[in-house]
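Beneath this line is the structure, given in structure tokens, with notes to follow.
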Amino acid sequence: MKGQYTSFKADEPPSSTMKHAEKKPVASPAPLNMQAVQVHVHPPKIHQTPREAAAAWVGVALMFLVFCLPTMNGIVLAYFTKQLKEDVGLTIAQYGLLTGYANGLMNAIAAVLVGWAVDRFELRRTWVIAAGCLLLGGMMVLEGMSHNFTQILMAVIFASIGGSIRATLTVSLVSDLLPPHQVSIGEAVVFSGAAVAEIAAGNLAYATNHYGVSWRLVPISMGIVMFSLGLVIPLLIREPPKGRYTPASKAEISPHALEASPDSGRSGGQAAGAGQRFRVWPALRYLMAMRTFWLLTLAVGVRGMSTHVIIAFVPPYLQRAFPNHLALDSAYATAVGVSATASAVVIGIICERRFLRTPGISLLTSVIGGLLGGACFMLTLWSPKLLGTGGTGYAFMLALMGLGALLAIGSAGPVLAMVALMLPPDSKSFGLSAFHCVQSVIDPSASVVLGVVLQVLQRGVASKPAAAAAATGAGLERGLAVARALIGIAIAFSLLVSSALFTAAIRGVRPDFELCRGSSHSVGDDADGEGEGNEGDGGLGDKAKARVGLPRRRLVGFIFGVLVLGAAVLGILALSLIACYAPGLFGSGGATPEVVSTGDVGR
């Protein structure tokens, strides 16, 4: 079979070997019978024809836009805090909710439902992504037409439903468009959309402020582009089969040990094994049996806290810390965006090259880059205090911020690429949606809490009799010190804890690849054929998943973790809603705060 790297003895047909493998339990995959199977030590890479490669990279480019535009829509709000306060009457807590759970919570719920529907009903991912783009584009237009907090909140919530396809289906689609040894660089290109969004958002904000253009034009324009993208995607991307490349060898877990599925060329666009019926519990049981899945989910979610804070609260803080530099929005966005783009590409290339011998290379880069980048971010926050707000301090701040982004932000794509390759083909979309769900409820939490805390501190200062003196330089400096400390604590916590989680997950990468390989070659053997995978195609039937070993402690830990995370999310969400709609409950009887920017805490 073309692309297959195993050969069988002439006196023992492959079918008998496969049947022998079917009877092996998946919990601890038995060694291959090396007398019957000869594994090539250095199998050749999978090569696409020039036409296939061009079509695949066109798909990657479109997924880059799908990832970039929603991210840009969220980032741009950070540069319009003053206009939003004047035009919509936004408070700090409301701003924190918009950049936090208004988007993240609904995004998480929608992602799970979308991932389940795609696997359960065998939906074409290209069409689902197109539908999400259409919904997201329409909500962006309505966001630009909003006149109060409730209207913009509803627009952001429904936009997050459309945006739920951004990180789940794009990762799944790219992992099947490209050969496995190119997936890391492909996902890095897609995730560099976040960095490009930072560049575009900051420069758009500077242009609109400089030329006196309303902030409303930005989300409306992006909505039109997003809507058009939704119309184009089904025409330019041919749906690839899910699980197009499946593990072929136990000798080395690497892209070179992966083969093209025998049905990878089918025109229907469905995976080999797609005819089997998807069920939630066997798929969830498999995810719980993996050693790294939930560790990586928590790690990526906690790492996202720092990204949220850097995007939502650092620009307003720097605007107050460097009031004499009118082009700060553009310079900051360019420094961070260019560095993050370079980081995504460089780390993607490193992970592609080293993935052959070190499958967990993306985790190593996440740990090292997170720690070094965190030190740069801390120095950035304290740069006005260390070198002043003049030209030297300003240049030092931009250089450190760019260096921090270069080190800490570029590994998200390769990490998601690795996760996608570790998941069984028939439940890949569901697994990625579960990953994205947990990540999406964790990473906005720091922004939500930070917004509430800053608003409480602001109202406490405003309610004091000496509030008239708080507008002095000493009062502003006090406010900047408070904001700097809180932002620094949030970023340091995020980067340190996520680095520890990434480190803990490194040892489980190879066993999880082995689990996926063993499960992919073990198919169900029901008498009626229901729930079984297709022989030799990499499908993972329900009985095969059910045979995956699941220690009781993992099940108990999973249930406990879900309860703790759910309680924390509901508590933070309730706190945020109270701060938005009933701020007087926090103990100040004064008027509604008149500022949104973090630097105004002391005014």
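Because only heavy atoms are used, hydrogens play no part in the values below, and waters and symmetry mates are left out as well, while side chains stay in. These numbers come from a predicted model, not from an experiment.
Judged as a ring pair (Phe, Tyr, Trp, His ring centres under 6.0 Å), and not counting sequence neighbours, Phe64 has no contacts.
Taking the side chain as every heavy atom from C-beta outward, Met305 and Val497 never approach each other to under 4.5 Å. For the pair Ile491 and Ile310, the minimum side-chain heavy-atom distance is below 4.5 Å. Side-chain contact between Val88 and Ser146 is absent, with no heavy atoms from C-beta onward closer than 4.5 Å. The shortest side-chain heavy-atom distance between Leu407 and Leu403 falls under the 4.5 Å cut-off. Annotation: side chain of Met63 is not in contact with side chain of Val60 (no heavy-atom distance under 4.5 Å). Residues Leu363 and Met418 form a side-chain contact, since some pair of their non-hydrogen atoms from C-beta on lies under 4.5 Å apart. Side chains of Val415 and Ser366 form a contact here, defined as non-hydrogen atoms less than 4.5 Å apart. Residues Met226 and Leu136 meet the side-chain proximity criterion, which asks for heavy atoms closer than 4.5 Å.
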- Kindly determine whether Phe502 and Leu295 satisfy side chain to side chain contact (heavy atoms under 4.5 Å, CB included), including the steps that lead there. CA-CA 7 Å; Phe502 280 126; Leu295 276 175; over 6 Å; no
- Task: Check step by step if side chain to side chain contact (heavy atoms under 4.5 Å, CB included) holds for Arg216 and His147.
- Result: CA-CA 10 Å; Arg216 298 180 183 276; His147 293 282; 3.4 Å; yes
- Query: Can you check side chain to side chain contact (heavy atoms under 4.5 Å, CB included) on Thr170 and Leu173, steps first, answer last?
  - Reply: CA-CA 5 Å; Thr170 55; Leu173 189 64; 5.8 Å; no
- Task: Quick one: do Leu416 and Leu432 satisfy side chain to side chain contact (heavy atoms under 4.5 Å, CB included)? Show the steps, please.
- Result: CA-CA 9 Å; Leu416 265 292; Leu432 289 172; 4.3 Å; yes
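Classified by interplanar angle (parallel below 30°, tilted 30° to 60°, perpendicular above 60°), the ring pair Phe67/Phe191 is tilted. Between Phe435 and Phe293, the two ring planes are perpendicular [angle over 60°; tilted spans 30° to 60°].
Of the possible polar contacts, one joining the Ser494 side chain to the Val302 backbone as a donor-acceptor pair under 3.5 Å is found. In terms of modelled atom types and a separation under 3.5 Å, the side chain of Ser172 and the main chain of Leu169 share no donor-acceptor contact.
Between Cys133 and the options Leu62, Val66, Leu69, Leu65, a side chain to side chain contact (heavy atoms under 4.5 Å, CB included) holds for only Val66.
The distance from the CD atom of Glu143 to the CG atom of Leu153 is 10.5 Å, given to the nearest 0.5 Å.
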